[in-house]
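Only one structure is covered here, and it is reproduced in the block below.
Note that ligands are numbered from 1 as they come in the structure, with each ligand's atoms numbered from 1 the same way. For the numbers below, each heavy atom of this structure counts, side chains included, while hydrogens, waters and symmetry mates do not.
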Amino acid sequence: MKFLAPSLLLYLSCLLDEFPIAQAIRLPLRARMGGFGDGGLARRASLTGTPDLTNQGNMQYQTNITLNGQAFQVLVDTGSSDLYVVGSVNGAKDTGKTGSVTYAIGSTKGPIKTATVEFEGFKVADQVFIEQPADSTHSAGAGIVGLGPGGASNIQEIIASSAGDPILDRIFRQNTSTPNYITILLGRADDPTDTFPGDLTIGEVVSPFNNITSQPKLPVTQMSNRNGQHWTAMLDKNGIIGPDGNRMNTTKHATGNKLTVMFDSGFTFPQVSKNIANQIYGRVPGAIFTNVTGGTAPMWTLPCSTELNVTFIFANVSIPIHPLDTVTSALEGPPDDTGAPTCVGAFQPITTDIEGFDIILGMSFLRNAYMLINFGDFVDGALTKVGDPYIQLLPLTDPQEGHSDFVKIRMDGIDKSADLHLLPALPNNGEDGKNDKTQEDTLHKYLPYIIAGSIAAGVVILALIVVASYRSSAKRRYRRLHDPAPAGLPSHATNGAPSQDYQPTRRY
Ligand SMILES: *[C@@H]1O[C@H](CO)[C@@H](O)[C@H](O)[C@H]1NC(C)=O
Ligand SMILES: *[C@@H]1O[C@H](CO)[C@@H](O)[C@H](O)[C@H]1NC(C)=O
Ligand SMILES: *[C@@H]1O[C@H](CO)[C@@H](O)[C@H](O)[C@H]1NC(C)=O
Ligand SMILES: *[C@@H]1O[C@H](CO)[C@@H](O)[C@H](O)[C@H]1NC(C)=O
Ligand SMILES: *[C@@H]1O[C@H](CO)[C@@H](O)[C@H](O)[C@H]1NC(C)=O
Ligand SMILES: *[C@@H]1O[C@H](CO)[C@@H](O)[C@H](O)[C@H]1NC(C)=O
Ligand SMILES: *[C@@H]1O[C@H](CO)[C@@H](O)[C@H](O)[C@H]1NC(C)=O
């Protein structure tokens with residue numbers, strides 16, 4: 001088992017213990033069917049309708065789901081592929097098997113049962129799920145719905161037949177006229193102008209953003225081991241514009257490779273390389289790379305009034321990041337010289353090696369891009385070949401509006417952005433060290449240990465804290481990890497199911 005940031009994980013787990021999900025405050029609501037499509041950037045403020053997602057303090061996004069008619073509020077997680085709910089589901093049938101998933105933060109373990117699940121207007125009979133008993137870290141009525149590729153499902157691996165497929169595979173197979181894509185729109189809790197909480201759709205787009213279907217299609221980078229498949233795509237060469245307005249050198253040493261990005265709606269803070277985090281935050285006067293109270297993984301901390309403009313570029317489409325997302329008040333750094341609290345750089349340096357991708361773009365990124373994930377042939381048992389899976393992103397943040405929001409919220413209404421004088425650039429020699437591998441090298445080197453799962457949901461919930469103090473802790477999730485057996489060898493002992501390599505002929 002490997003964790004991306006074990007220390008933070010532990011810290012957050014403690015917080016989780018103290019502040020169960022049930023206590024977290026829910027920020028209100030959201031909307032679909034806005035009916036305001038003026039092309040280009042649609043304004044989210046105009047969205048009206050019934051929201052599908054609840055945003056808990058920008059830390060996690062949840063949706064309602066029912067099992068045998070019983071309601072659960074589950075985290076929406078593109079980084080994992082299994083459904084679990086906490087508590088007992090009336091009338092659920094026991095498969096006699098036990099399932100478990102380890103997330104970036106937290107884990108679940110319990111009997112694998114089946115029930116009739118209603119999700120986003122779809123009804124699926126005999127859907128498998130893990131029934132997690134309530135305990136100090138699992139609040140009754142909570143759970144996670146994994147929206148990742150079915151190949152990464154732990155339950156599917158244990159059940160070892162299409163009966164064990166994740167809910168989206170079941171829906172796409174059952175409702176054949178429903179296009180096999182999902183879309184996710186995440187709102188920003190502290191945004192003064194756009195207040196909708198978020199939306200999740202299956203097979204349809206949110207109405208003001210229909211344009212997303214004409215955005216460039218980013219091919220999902222396919223892993224040679226299907227257990228390790230995630231929703232990943234390539235960032236453009238040097239595809240990040242830093243606060244100085246210049247593109248960073250994100251070229252991988254020696255190979256000249258582009259970076260592979262994983263999109264994870266269950267991961268609060270994006271994980272980038274140390275180099276990229278340095279280029280974003282390291283040139284701000286007063287920025288310190290330090291341990292943050294309560295957490296042991298060092299992070300960049302800086303004055304909360306620091307407005308940093310960062311843009312990610314995918315297929316020549318620029319996705320500006322709202323400055324409220326770049327420097328977050330969700331975690332508190334040590335006080336500065338004047339005793340004022342500091343904020344934290346949300347794009348954190350990855351602390352541990354990960355295989356198969358270089359960057360995890362979680363909620364702080366996804367609030368800035370409406371995302372469509374087309375599953376293509378990644379649907380178990382699909383009768384017809386429909387093509388390769390791809391991802392589309394539609395930019396949501398208008399830099400001017402982001403600027404005025406930031407001035408209002410963090411600068412007390414007085415535009416001091418001209419006072420920011422970045423320090424000279426740090427040496428930027430592209431991506432070094434651990435990232436200095438081609439994906440193939442990485443896969444080969446780590447094949448026996450490749451992560452099977454996903455980065456799952458980890459959310460943690462410090463929403464309570466956040467709400468209580470308006471600046472509190474963070475959470476992030478961790479990827480679940482399990483160690484599949486090397487190709488051709490019996491799989492590890494936990495479940496006895498054969499380890500299936502990703503097979504191009506069985507796309508999913
Ligand atoms: C969105 O659609 C409108 C009208 O259909 C079009 O004018 C506009 O260029 C589109 N924008 C993008 C980013 O595709
Ligand atoms: C989910 O259900 C809870 C409890 O009924 C409700 O308060 C909440 O608004 C619902 N969330 C969404 C997104 O519909
Ligand atoms: C899905 O398909 C079933 C029948 O297979 C149908 O009853 C149901 O209305 C469909 N649901 C949606 C949301 O299309
Ligand atoms: C960017 O980084 C790569 C890899 O380290 C290096 O080969 C290249 O010279 C760098 N480019 C610039 C313009 O510094
Ligand atoms: C953070 O704390 C750890 C453990 O106390 C220490 O080893 C490390 O040097 C600290 N890092 C920074 C950047 O202060
Ligand atoms: C991006 O733009 C460049 C220059 O116009 C072009 O050569 C390249 O093919 C474009 N890339 C994509 C993915 O559209
Ligand atoms: C960030 O971008 C906005 C919009 O382009 C601009 O008004 C603002 O001055 C920029 N801020 C900084 C610190 O670069």
Does the protein come close to [atom] - that is, does one of its heavy atoms sit below 4.0 Å from that atom?
atom	answer
atom 4 (C) of ligand 6	no
atom 7 (O) of ligand 3	no
atom 10 (C) of ligand 3	yes

Quiz item: Under 3.5 Å, side chain of S100 to main-chain N/O of T108, donor-acceptor pair present?
Solution: no
Practice problem: Quick one: sort the F314 and F365 rings into parallel, tilted or perpendicular, breaks at 30° and 60°. | Solution: perpendicular
Exercise. Could you tell me how the ring of Y370 sits relative to the ring of F209: parallel (under 30°), tilted (30 to 60°) or perpendicular (over 60°)?
Key: tilted
Give me the nearest non-hydrogen protein atom to [atom] as residue plus atom name, then the distance to 0.1 Å.
atom	answer
atom 13 (C) of ligand 6	A315 CA, 3.8 Å
atom 12 (C) of ligand 6	N316 ND2, 3.4 Å
atom 2 (O) of ligand 3	N175 ND2, 2.4 Å

Quiz item: Are side-chain heavy atoms of K123 and T116 found at a separation under 4.5 Å?
Solution: yes
Exercise. Please work out whether any backbone atom (N, CA, C, O) or any side-chain heavy atom from C-beta onward of T63 is under 4.0 Å from ligand 2, and answer side chain, backbone, both or neither.
Key: neither
Heavy-atom contacts with [X] under 4.0 Å: which atoms of ligand 2 show up? List them by number with element.
X	result
T54	11 (N), 12 (C), 13 (C)
N64	1 (C), 2 (O), 3 (C), 8 (C), 10 (C), 11 (N), 12 (C), 14 (O)
L53	13 (C)

Exercise. Number the atoms of ligand 3 from 1 as they appear, then name those within less than 4.0 Å of a heavy atom of G121, with their elements.
Key: 13 (C)
Quiz item: When V205 is tested against each of L185, I212, D199, N211 for side-chain contact (heavy atoms from CB on, under 4.5 Å), which residue passes?
Solution: I212
Quiz item: Nearest 0.5 Å, what's the CD1-CE distance between I391 and M262?
Solution: 9.5 Å
Self-check item: F375: which of W231, Y181, Y390 passes ring-ring contact (aromatic ring centres under 6.0 Å, His included)
Solution: W231
Quiz item: So which of F269, F267, F312 actually passes ring-ring contact (aromatic ring centres under 6.0 Å, His included) with F347?
Solution: F312
